[in-house]
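Some notes on the structure that comes next.
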Amino acid sequence: MIFELLAAILGLIQGSLSLLNKRIHWFFYLLQLIVLIIFSWNEKLYGDVAISVIFMFFCILGFFFWNSKEYKHISSCTLKERLRYICFVFFGTFSVYFLLKQSDDPLPFLDSFTTVLSIFALYYMVKHKIDTWFLWFTADAVYVVQYASLQNPAFYLLSLYVIWTVMAVISYWYWVLILKRESKETMAHKS
């Protein structure tokens with residue numbers, strides 16, 4: 001229970017900093033992932049363990065990319081990028097599901113879906129794409145169901161994902177405001 005509570009606290013800090021578009025959120029995300037690996041391993045959520053290890057790599061990339069010229073500003077995905085991630089999430093979910101079904105994972109389909117969807121959400125967060133928030137909203141809402149469905153429901157993490165689901169909506173609108181402001185600034189510099 002201590003790992004679950006610590007992960008939830010770190011997640012609230014990280015989520016708040018992410019919502020505010022603060023680069024330091026990557027550091028708190030990294031700390032949270034370390035704690036989540038321990039929690040997920042104990043709960044036999046192997047997809048979550050794998051995703052946390054992958055996310056550690058993304059956290060390091062995100063920390064450096066958010067300061068780079070290419071990814072410093074928020075942008076939107078193209079239609080082609082959206083179609084690509086929808087296809088990858090669909091096929092990726094079923095691929096991971098068949099792997100997790102062979103293990104003692106108690107929720108292989110939900111674990112697969114949240115794992116694959118979260119990879120794309122974080123990938124687009126690293127790239128500073130506003131679409132990340134739609135993906136996070138969907139993943140977080142499904143995580144609520146996943147943690148509620150465990151034999152011993154993970155109350156603190158379930159609560160965190162309820163908060164993150166709401167924060168994803170708020171973050172989207174906040175990033176829209178930033179995107180509009182940055183667009184106006186760019187237009188003013190060009191004229």
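Predicted model only: the values in this text are computed from it and were never measured.
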Query raised in the report: Leu12 and Ile170: same hydrophobic cluster, using ILVMFWY side-chain contacts below 4.5 Å?
Result: yes
**Report entry** Euclidean distance, Ser76 OG relative to Trp175 CH2, rounded to 0.5 Å
**Finding:** 11.0 Å
Requested in this report: Identify the two heavy atoms, one from Ala7 and one from Leu36, that lie closest to each other, and give their separation to 0.1 Å.
Outcome: CB-CD2, 3.8 Å
Query raised in the report: Do Leu83 and Ile130 share a hydrophobic cluster (ILVMFWY, side-chain heavy atoms under 4.5 Å, transitive)?
Result: no
Report task. Applying side-chain contact (heavy atoms from CB on, under 4.5 Å), run through Phe113 and Val89 and close with a yes or a no. Result -> CA-CA 7 Å; Phe113 181 68; Val89 167; 3.9 Å; yes
Requested in this report: Output the rest of the hydrophobic cluster of Leu177: all Ile, Leu, Val, Met, Phe, Trp and Tyr residues reachable through side-chain heavy-atom contacts under 4.5 Å, sorted by chain and number.
Outcome: none
Query raised in the report: If you look at every heavy atom in Ile74 and Leu179, which pair is closest and at what distance?
Result: O-CD1, 2.9 Å
Query raised in the report: Hey, what else clusters with Leu99 if you join Ile, Leu, Val, Met, Phe, Trp, Tyr whenever side-chain heavy atoms sit under 4.5 Å?
Result: none
Report task. Over all heavy atoms of both residues, which pair between Tyr97 and Pro108 is shortest? Give the atoms and the distance, please. Result -> CD1-C, 3.7 Å
Report summary line: CG of Leu122 to CG of Leu33, rounded to nearest 0.5 Å, is 8.0 Å
Requested in this report: Start with the C-alpha gap between Tyr161 and Tyr147, add the side-chain angles, then the distance that decides, and say whether ring-ring contact (aromatic ring centres under 6.0 Å, His included) holds.
Outcome: CA-CA 9 Å; Tyr161 279 98; Tyr147 285 125; 5.5 Å; yes
Report summary line: Between the CD1 atom in Ile119 and the CD1 atom in Ile54, the distance rounded to the nearest 0.5 Å is 4.5 Å
Requested in this report: Assess whether side-chain contact (heavy atoms from CB on, under 4.5 Å) is satisfied between Lys101 and Ser112, documenting all intermediate values.
Outcome: CA-CA 10 Å; Lys101 193 172 180 185; Ser112 300; over 6 Å; no
**Report entry** Heavy atoms of other groups near Phe120 CZ, more than 12 under 6.0 Å
**Finding:** yes
Report summary line: Sequence neighbours excluded, the answer for side-chain hydrogen bond (donor to acceptor under 3.5 Å, both in side chains) partners of Gln14 is none
Report task. Evaluate the side-chain contact (heavy atoms from CB on, under 4.5 Å) criterion for residues Met125 and Phe58: first the C-alpha distance (whole Å), next the side-chain angles of each, then the deciding distance (0.1 Å), finally the verdict. Result -> CA-CA 9 Å; Met125 181 174 273; Phe58 277 111; over 6 Å; no
Query raised in the report: Given the rule in the side-chain contact (heavy atoms from CB on, under 4.5 Å) test, do Gln151 and Glu43 qualify, once you have shown the distances and angles that lead to the verdict?
Result: CA-CA 10 Å; Gln151 186 173 356; Glu43 292 295 321; over 6 Å; no
Report summary line: Closest non-hydrogen atoms of Leu158 and Val144, given as atom of the first, atom of the second and distance, are CD1-O, 3.7 Å
Query raised in the report: Please, which pairs that meet salt bridge (charged side-chain N to carboxylate O under 4.0 Å, His left out) have at least one residue in residues 103-120, sequence neighbours excluded?
Result: Lys44-Asp104
Report summary line: Sorted by chain and number, sequence neighbours left out, side-chain hydrogen bond (donor to acceptor under 3.5 Å, both in side chains) with Trp136 holds for Thr132
Report summary line: Shortest non-hydrogen pair, Leu117 vs Ala139, comes out as CD2-N, 3.4 Å
Query - Euclidean distance, Leu5 CG relative to Ser159 OG, rounded to 0.5 Å - result: 10.5 Å
Query raised in the report: If you measure from CG on Leu31 to CG on Leu6, what distance do you get to the nearest 0.5 Å?
Result: 8.5 Å
**Report entry** Backbone of Phe65 reached by a side-chain donor or acceptor of Ser68 within 3.5 Å
**Finding:** yes
Requested in this report: Give every residue pair that meets the salt bridge (charged side-chain N to carboxylate O under 4.0 Å, His left out) criterion with at least one member in residues 154-163, sequence neighbours excluded.
Outcome: none
Query raised in the report: After noting the C-alpha distance and the side-chain angles of Tyr123 and Tyr85, does the key distance pass the ring-ring contact (aromatic ring centres under 6.0 Å, His included) rule?
Result: CA-CA 10 Å; Tyr123 172 76; Tyr85 71 66; 9.6 Å; no
Query raised in the report: When you measure from the side chain of Gln146 to the backbone N and O of Leu107, does any donor-acceptor pair fall under 3.5 Å?
Result: no
Report task. Identify, with sequence neighbours excluded, every residue that meets side-chain hydrogen bond (donor to acceptor under 3.5 Å, both in side chains) alongside Ser52. Result -> none
Query raised in the report: Ignoring hydrogens and geometry, is there a side-chain-to-backbone donor-acceptor pair from Ser118 to Thr115 under 3.5 Å?
Result: no
Query raised in the report: Which residue pairs pass the salt bridge (charged side-chain N to carboxylate O under 4.0 Å, His left out) test when at least one of the two sits in residues 149-176, sequence neighbours left out?
Result: none
Report task. Could I get the full list of side-chain hydrogen bond (donor to acceptor under 3.5 Å, both in side chains) partners for Ser75, not counting sequence neighbours? Result -> Lys129
Requested in this report: Working to the nearest 0.5 Å, report the span between CH2 of Trp133 and OH of Tyr172.
Outcome: 12.5 Å
Query raised in the report: Mind checking whether Val35 and Phe39 have side chains closer than 4.5 Å, heavy atoms only?
Result: no
Query raised in the report: Are more than 12 heavy atoms from other residues, nucleotides or ligands located less than 6.0 Å from atom CZ of Phe55?
Result: yes
**Report entry** Minimum-distance pair of heavy atoms, taken over all atoms of Leu150 and Pro106
**Finding:** CD2-CG, 4.0 Å
Query raised in the report: With the 4.5 Å side-chain cut-off for hydrophobic clustering, are Ile2 and Leu160 part of the same group?
Result: yes
Query - Of all pairs that satisfy salt bridge (charged side-chain N to carboxylate O under 4.0 Å, His left out), the ones with a partner from residues 131-146, not counting sequence neighbours - result: Arg82-Asp131
Query raised in the report: With the 4.5 Å side-chain cut-off for hydrophobic clustering, are Trp66 and Met56 part of the same group?
Result: yes
Query raised in the report: Are Phe27 and Leu17 connected in the hydrophobic side-chain network, where two residues link if heavy atoms are under 4.5 Å apart?
Result: yes
Query raised in the report: Who are the ring pair (Phe, Tyr, Trp, His ring centres under 6.0 Å) partners of Phe94, not counting sequence neighbours?
Result: Phe90, Phe109
Report summary line: So side-chain hydrogen bond (donor to acceptor under 3.5 Å, both in side chains) across residues 20-41, not counting sequence neighbours, yields Asn21-His128
Query raised in the report: Would a distance-only check, ignoring hydrogens and angles, find a side-chain to backbone donor-acceptor pair under 3.5 Å from Trp164 to Phe137?
Result: no
